[in-house]
Amino acid sequence: MADTPAIKVEKATPEKLAELGVERWAPWSCEASTFDWTYDDTETAYIKDGHVVIHTAAGDVEITAGDLVEFPAGLECTWEVKKAIRKVYKFG
């Protein structure tokens, strides 16, 4: 679907993490589960641990430890947490 916002994923580098100040971001964790989610604002997250498949109308996106992920505002998706996840994140 062309109007589905795209999730951006890149492997994080220590320099990028320092530049973004991820040590000040809020922590979040979740055990293996499946749930629907809608992003009201853009979220940037650094995945510390785990494995998740994000199902969107445009296709599936896998994220794992070491990924830096941007979830765009307006994204409607289903999280399938395959291995317990630990992340830090910020909105905006």
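Keep in mind that the numbers below use all heavy atoms, side chains included, and drop hydrogens, waters and symmetry copies.
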**OP:** Any chance you could lay out the side chain to side chain contact (heavy atoms under 4.5 Å, CB included) test for K11 and T13, step after step, and finish with the verdict?
**Re:** CA-CA 7 Å; K11 281 298 177 191; T13 63; over 6 Å; no

Original post:
For residues 82-92, which residue pairs qualify under salt bridge (Lys or Arg N to Asp or Glu O under 4.0 Å), counting only residues two or more places apart or in two chains?
Top reply: E43-K87, D49-R86, E80-K82

Original post:
Who are the salt bridge (charged side-chain N to carboxylate O under 4.0 Å, His left out) partners of D41, not counting sequence neighbours?
Top reply: none

Original post:
Under the side chain to side chain contact (heavy atoms under 4.5 Å, CB included) criterion, do T78 and T34 qualify, and how do the steps go?
Top reply: CA-CA 7 Å; T78 300; T34 301; 3.6 Å; yes

Original post:
For the atom pair NE2 (H51) and OG1 (T64), what is the distance rounded to the nearest 0.5 Å?
Top reply: 7.0 Å

Original post:
Is it true that atom CD of E23 has more than 12 heavy atoms of other residues, nucleotides or ligands lying nearer than 6.0 Å?
Top reply: yes

Subject >> Greater than 12 external heavy atoms within 6.0 Å of W37's CH2 >> reply: no

Subject >> Validation row: Y46, L17 side chains within 4.5 angstrom (heavy atoms) >> reply: yes

Subject >> Between W79 and F35, ring centroids under 6.0 Å >> reply: yes

**OP:** Identify the heavy atoms of C77 and I54 that sit nearest to each other, and give their distance.
**Re:** CB-CG2, 3.7 Å

Subject >> Interatomic distance, F71 atom CZ to Y89 atom OH [nearest 0.5 angstrom] >> reply: 12.0 Å

**OP:** Would you indicate whether the side-chain heavy atoms of I63 and V9 approach each other to under 4.5 Å?
**Re:** yes

Original post:
Would you call I47 and V69 a side-chain contact if the rule is heavy atoms closer than 4.5 Å?
Top reply: yes

Original post:
Under 4.5 Å between any side-chain heavy atoms of L68 and L20, yes or no?
Top reply: yes

Subject >> Linked, directly or transitively: V81 and L75 (ILVMFWY side chains, under 4.5 Å) >> reply: yes

Subject >> Partner set under salt bridge (charged side-chain N to carboxylate O under 4.0 Å, His left out) for K8, not counting sequence neighbours >> reply: E70

Subject >> Any side-chain heavy-atom pair of E76 and T56 under 4.5 Å >> reply: no

Original post:
Going from CD1 on I85 to NZ on K48, what distance comes out if it is rounded to the nearest 0.5 angstrom?
Top reply: 12.0 Å

